[in-house]
Amino acid sequence: MKILIADDHIVVRKGLRQIILDEFPFAEIEEVGDAEELIKKVMKSKWDIVISDLSMPGRSGLDSLVQIKESFPELPVLILSVYPEEQYGVRVLKAGASGYLTKDSAPDELIKAMRLVMLGKKYITPAVAEKLVSILNHSQERQLHEQLSDREFEVLKLLATGKTITAIASQLSLGMTTVSTYRARILDKMNMNNNAELVHYAIENKLL
C-alpha cells in the first residue's frame with residue numbers, strides 16, 4: 001500500500017505516519033510539506049490514497065485537490081484539516097475529495113475513513129451529512145458565504161484575518177489585480193461595503 005501525506009507541519013506528518021503504521025505496518029508512506037510538492041509526487045507515482053491538509057504554503061489544498069482529481073479521478077483523497085466540517089466539508093466533497101476529517105478526530109476514525117475511501121466509498125461525518133441535507137432542502141436559505149466560489153471563500157477568510165491584498169496575492173500565487181477582483185465580487189455577492197463588515201460577518205458565523 002502506497003500512502004502520500006501532505007501537511008506543512010512535520011509533527012502532524014509524523015503523528016499521522018505512526019497512526020497509519022500501527023494499523024498498516026507494511027505500508028509505504030511518503031511525506032510532502034506543500035501543495036506544489038504534493039502535485040509533483042502524485043504525478044510521478046501511483047498511490048493508493050492521499051491524505052492532505054487543506055491549508056498549506058503556496059497553492060491551497062482545494063486547488064491541488066481539483067488538479068489531482070482532473071488527472072486521477074479514481075485516486076482517493078482524504079482531507080484532514082483544522083477547519084470545522086461545517087466550513088469546508090461540503091466544498092471539498094464537491095471538489096472531488098473522498099472524505100473530510102478534522103485534525104482533532106480520534107485515530108480510529110482516521111483509519112475507518114481510510115478503509116472506507118480505499119473501497120471507493122465516501123466518508124461523511126454527521127456534521128457534513130447534516131449540511132448536505134440543509135443544502136438539498138430548498139426551504140432553507142443559504143448563508144451569504146455559501147454563495148461564494150471556493151476561491152472567493154478562501155480570499156474572504158484571508159481578508160477576515162486582516163491580511164492585505166498584497167499578502168493574499170503572495171500566499172495564493174495570484175496577481176494583486178486578481179485578488180482585488182475577488183474582493184470586489186465578495187463584497188458584491190455578500191452585499192457588504194468594506195473589510196470591517198467582512199470581519200464582523202466571519203466572526204459571527206465562526207469562519208475564523
Residue pair K122 / V117, side-chain heavy-atom distance below 4.5 Å: no
Non-hydrogen side-chain atoms of D188 and R185 separated by less than 4.5 Å: no
Side chain to side chain contact (heavy atoms under 4.5 Å, CB included) partner of V32, the single match among V42, D8, L4: L4
Note, L174 side chain near I168 side chain (heavy atom, < 4.5 Å): no
Rounded distance (nearest 0.5 Å) linking atom CG of L54 with atom CG of L80: 10.0 Å
Heavy-atom pair of closest approach, residues A97 and L93: O-CD2, 3.5 Å
Ion pair D150/K94, N-O distance below 4.0 Å: no
Connected via hydrophobic side-chain network under 4.5 Å: L144 and Y88: yes
For the student: nearest non-hydrogen atoms of A95 and K69, plus distance: O-CG, 3.9 Å
Heavy-atom closest contact (D48 atom, P76 atom, distance): O-CD, 3.3 Å
Point-to-point distance, once rounded to the nearest 0.5 Å, from OG of S52 to CD1 of I5: 10.5 Å
ILVMFWY network linking V66 to I79, side-chain heavy atoms under 4.5 angstrom: no
For the student: nearest non-hydrogen atoms of E197 and N193, plus distance: OE1-N, 3.0 Å
I3 with M56, same ILVMFWY side-chain cluster at under 4.5 Å: no
side-chain hydrogen bond (donor to acceptor under 3.5 Å, both in side chains) contacts in which one or both residues fall within residues 29-43, not counting sequence neighbours: R13-E31, K14-E31, R17-E31, E30-K41
Pairwise side-chain contact, V50 with F72, heavy-atom cut-off 4.5 Å (strictly under): no
Enclosure of N194 CG (heavy-atom neighbours >12, cutoff 6.0 Å): yes
Heavy-atom side-chain proximity of K157 to Y83 below 4.5 angstrom: yes
Side chain to side chain, K103 and S81, heavy atoms closer than 4.5 Å: no
Exam field: side chain S71 to backbone I68, donor-acceptor pair closer than 3.5 Å: no
Spacing of CG belonging to L110 relative to CD1 belonging to I51, to within rounding of 0.5 Å: 5.0 Å
Inter- and intrachain pairs under ring pair (Phe, Tyr, Trp, His ring centres under 6.0 Å), touching residues 189-208, at least two apart: H145-Y201
From V179, V155, T178, residue fulfilling side chain to side chain contact (heavy atoms under 4.5 Å, CB included) relative to L172: V155
Short side-chain donor-acceptor distance under 3.5 Å, Q67 and D63: no
Exceeds 12 heavy-atom contacts within 6.0 angstrom, atom NZ of K121: no
CG-OG1 distance between L156 and T161, expressed to the nearest 0.5 angstrom: 9.5 Å
Side-chain touch E28/W47, heavy atoms, less than 4.5 angstrom: no
Within one Ile-Leu-Val-Met-Phe-Trp-Tyr cluster: L16 and L75, side-chain cutoff 4.5 Å: no
By side chain to side chain contact (heavy atoms under 4.5 Å, CB included) - contacts of K189 (at least two apart): L148, E152
Verify same cluster id: V77, L116 (apolar side-chain graph, 4.5 Å): no
Any side-chain heavy-atom pair of L78 and S98 under 4.5 Å: no
Nearest-0.5 Å distance, CG of residue L65 to CD of residue E70: 10.0 Å
Main-chain N/O of L101 paired to S105 side chain as donor or acceptor, under 3.5 Å: no
R91 side, atom CZ; L62 side, atom CG - distance, nearest 0.5 Å: 8.0 Å
Proximity of Y100 and Y123 rings by center, below 6.0 Å: no
